[in-house]
Undergrad: 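Before anything else, here's the structure in question.
Chain letters run A, B, ... following the sequence lines, proteins first and then strands; every chain starts at 1. The basis for the numbers below is simple: all heavy atoms, side chains too, and nothing from hydrogens, waters or symmetry mates. Just so you know, these numbers come straight off a predicted model, no measurement behind them.
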Amino acid sequence: MIRTDLAIIGAGPAGMSAAVAAREAGLDVIVVDEQPAAGGQIWRAIERNARLRPGNLAFLGEDYVKGAELAARFAASGAQHWPGSTVWHVESPEDGDKTVTLAWDGATRQVRCGALLIASGAMERPVPVPGWTLPGVMTVGAAQTVLKSSGLFPEAPLLLAGSGPLLLLFAAQCLAAGIEIAAVLDTTPAGARLRGLPHLPKALLGWRTLLKGRRLMRTLSRSGVRIYREVTKIEALGAEHLERVRFQSVGGPAELETASLLLHEGVVPNPQLTRLLRCEHRWDRAQRCFRPELSDRGETSVENVFVAGDGGGIGGAMAAVHAGRIAALEVAERFGAVNRPNGDVEIVKARDALRAELAVRPLLDAMFPPPRWIGELDGGEVICRCEEVTAADVRKAAALGAPGPNQAKAFLRAGMGPCQGRMCGLTVTEILADAHGKHPEEIGYYRIRPPIKPVTLGELAALDGAD
Amino acid sequence: MLRRLPDQSGRKVRFRFEGEPVDALEGDSVAAALLAAGNRILRMTPKSGSGRAPYCMMGVCFECLVEIDGIPNRQACLTEVRGGMAVRRQRGAPGLPGEAGDDPD
């Protein structure tokens, strides 16, 4: 077992920024990350693209290129970086060190730390439309991931379906890279601008983001790509794999032949680690998801466990950078680090910067509201991909008296497959809340237990130095 | 399935999927490389046996579970290709290591 002052899970914007700040303050830092290289999802493969495929930077855009600077500072920071490691357990005893248990290179390792920063980011909201399990259906983020890491794109005809900034950004990246989009099925309800208007004055603090958003929307609307508006009732159809997509739009019902359908209805915090640690969570009404309750320094309800970045609520990459710095400075203060750079002043500065970054979020949440239909599902749609449980099954469990997700899990096995509820957790909570006429917070969420990732017997046997 | 943009430099890596050679580029995930090589289905579900393909490509959906070098339950989207690795579809629930390879193809 190895001990460090601060362990950070995730090497995205929040994790890298926190590592740099903590190292500057003189703390020992270990950063563990599932991905093969630093950058997180937003700056995925940034170093390799910059070095090997500079041509890709042109269509991935300037906000992507920005990641290179922080990645370089992180590499030079002196923090230990363990890429390609899979955290499968985290423990936080009442007093004393936290323990992070992970699989790395075929063996199990444990890190003890005084403070833990969870910077494991967000995931896309699962979009359980009929047929979403067919090969050929992916998320927009999935396609963006392979575009960044491998220069790959989905085969034509390609449909983008959903709503929100990430979809617009990916569409713009496709257009810039010469990737053909057959059509966009925009699920944003009518009146986006009107809904956003009351939030505009406050959002002006984030004018750069606003301008970028406007540019992205214009790029798409002037591109000549066919856009269907106010789309609802999307169905992916096909026998063995995706062949067609059926939907409703302002123009009436439509059906398109397609090989690739990319879904996106916004991003939500990845809840596994904060749930595993039994941190308090609150339901975020605007974003329709749970988020861990955090202090103004990013600390959870569990002492010395911090969250920074989109894992604490969606704020985007630059917000994550500031939040990571705040958490690291707070840890440095608390542990009396050697080079405290006038901690409080620095924290106040970082908090101002964070507030400016977050100013635009209420406007975005209003313009691109999360879908309400997910909680209203009651038919044969598969909502748990692993155990192939349908919305009607969840309704039946509710009628039989299952008050919450954990009882429904016992009835149905939803949430007991390999993904451990990542793909059905939010949907099950929303459907049960609807069925029982209760608030999602009263319904709650799956109880997450270790191991949160598959671990082999070999990895277990090779615990710590036994290799 | 996936296509590759022109001018994607990188070292070539060859591995096997269901015994057949697959060419990829260094840095590709196993999941991306398999989709780029024209494989639509990476696993079959334990319950209905329906074919599945990667959905999230970032380690949360577990639809890309494959067997790599005899070890089942590997997340293909989180594993980078290595020359000579042997990848197989995961059919239903995984067996113990060594057992899964018995499935004749």
Undergrad: Side chain from CB out, backbone as N, CA, C, O: work out which of these in A/Glu388 comes under 4.5 Å of a heavy atom of chain B, or both, or neither.
TA: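 Contact with chain B: backbone and side chain both.
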Undergrad: Can any side-chain N or O of B/Asp28 pair as donor or acceptor with the backbone N or O of A/Ser150 at less than 3.5 Å?
TA: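 No.
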Undergrad: Which region of B/Thr79, side chain (C-beta onward) or backbone (N, CA, C, O), has a non-hydrogen atom less than 4.5 Å from a non-hydrogen atom of chain A, or is it both or neither?
TA: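 For B/Thr79, neither part sits under 4.5 Å from chain A.
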Undergrad: What residue in B/Glu26, B/Met57, B/Gln75 has the most heavy-atom pairs under 4.5 Å with chain A?
TA: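 That would be B/Met57.
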Undergrad: May I ask you to say whether B/Arg40 pairs ionically with A/Glu155, meaning some side-chain N is under 4.0 Å from a carboxylate O?
TA: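 Looking at A/Glu155 together with B/Arg40, the answer is yes, because their closest N to O distance falls below 4.0 Å.
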Undergrad: Using side-chain heavy atoms (C-beta onward) and a distance below 4.5 Å, is B/Met85 in contact with B/Val30?
TA: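 In short, these two side chains touch, coming nearer than 4.5 Å.
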Undergrad: With side chains defined as the heavy atoms from C-beta onward, is the minimum distance between A/Phe170 and A/His264 less than 4.5 Å?
TA: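 A/Phe170 does not reach A/His264 side chain to side chain.
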Undergrad: Among B/Ala53, B/Ser9, B/Ala24, which residue has the highest count of heavy-atom pairs closer than 4.5 Å to chain A?
TA: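 The option with the most such pairs is B/Ser9.
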Undergrad: Against chain B, label A/Thr133 side chain, backbone, both or neither, depending on which of its atoms sit under 4.5 Å from a heavy atom there.
TA: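 Both backbone and side chain.
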Undergrad: Chain B heavy atoms under 4.5 Å from A/Leu242: which part of the residue, side chain, backbone, both or neither?
TA: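 Answer is neither: A/Leu242 stays 4.5 Å or more from chain B.
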Undergrad: Would a 4.5 Å heavy-atom cut-off, applied to side chains only, mark A/Asn270 and B/Val60 as touching?
TA: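 Side chain of A/Asn270 against side chain of B/Val60, heavy atoms only: contact under 4.5 Å found.
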Undergrad: If I take atom CG from residue A/Asn56 and atom CD1 from residue A/Ile46, how far apart are they, to the nearest 0.5 angstrom?
TA: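 With rounding to 0.5 Å, CG (A/Asn56) is 10.5 Å from CD1 (A/Ile46).
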Undergrad: Looking at B/Glu80 and B/Arg11, is any side-chain nitrogen of the basic one under 4.0 Å from a carboxylate oxygen of the acidic one?
TA: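 No, this pair does not count.
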Undergrad: Report which part of A/Val127 has an atom under 4.5 Å of a heavy atom belonging to chain B: side chain, backbone, both, or neither.
TA: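 For A/Val127, backbone and side chain are both near chain B.
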Undergrad: Are A/Arg53 and B/Asp7 packed together at the side-chain level, in the sense that at least one heavy-atom pair is separated by less than 4.5 angstrom?
TA: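 No - every pair of side-chain heavy atoms lies 4.5 Å or more apart.
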Undergrad: Give, as side chain, backbone, both or neither, the part of A/Leu263 having an atom under 4.5 angstrom from any heavy atom of chain B.
TA: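 For A/Leu263, side-chain heavy atoms alone lie under 4.5 Å from chain B.
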Undergrad: When you check the gap from the basic side-chain N to the acidic O, do B/Arg52 and B/Glu63 get nearer than 4.0 Å?
TA: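 Here B/Arg52 pairs with B/Glu63 in a salt bridge, since their nearest N and O are under 4.0 Å apart.
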Undergrad: Please classify the contact between B/Leu25 and chain A as side chain, backbone, both or neither, with a heavy-atom cut-off of under 4.5 Å.
TA: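 For B/Leu25, the side chain is the part near chain A, not the backbone.
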Undergrad: Look at B/Ala33, B/Ser29, B/Ala32 and state which one has the largest set of heavy-atom pairs under 4.5 Å with chain A.
TA: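 The residue among B/Ala33, B/Ser29, B/Ala32 with the greatest pair count is B/Ala32.
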Undergrad: Which one wins on heavy-atom pair count under 4.5 Å against chain B: A/Ala45, A/Pro36, A/Ser260?
TA: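 Top option by heavy-atom pairs under 4.5 Å: A/Pro36.
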Undergrad: With a 4.5 angstrom heavy-atom cut-off, is it the side chain or the backbone of A/Arg385 that approaches chain B, or both, or neither?
TA: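 For A/Arg385, backbone and side chain are both near chain B.
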Undergrad: Check whether A/Glu387 gets within reach of chain B through its side chain, its backbone, both or neither, counting any heavy atom under 4.5 Å.
TA: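 Only the backbone of A/Glu387 comes within 4.5 Å of chain B.
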Undergrad: Name the region of B/Leu35, side chain, backbone, both or neither, that has any atom closer than 4.5 Å to a heavy atom of chain A.
TA: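 For B/Leu35, the side chain is the part near chain A, not the backbone.
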Undergrad: If you count heavy-atom pairs within less than 4.5 Å of chain B, which of A/Gln420, A/Gln144, A/Gln35, A/Lys453 leads?
TA: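 Among the listed options, the one with the most contacts to chain B is A/Lys453.
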Undergrad: Contact part of A/Leu134 toward chain B, heavy-atom cut-off under 4.5 Å: side chain, backbone, both or neither?
TA: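 Answer is neither: A/Leu134 stays 4.5 Å or more from chain B.
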Undergrad: Looking only at atom types and distance, does a side-chain atom of A/Gln173 sit under 3.5 Å from a main-chain N or O of A/Leu60, one as donor and one as acceptor?
TA: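 The answer is yes, because a donor-acceptor pair under 3.5 Å joins these two groups.
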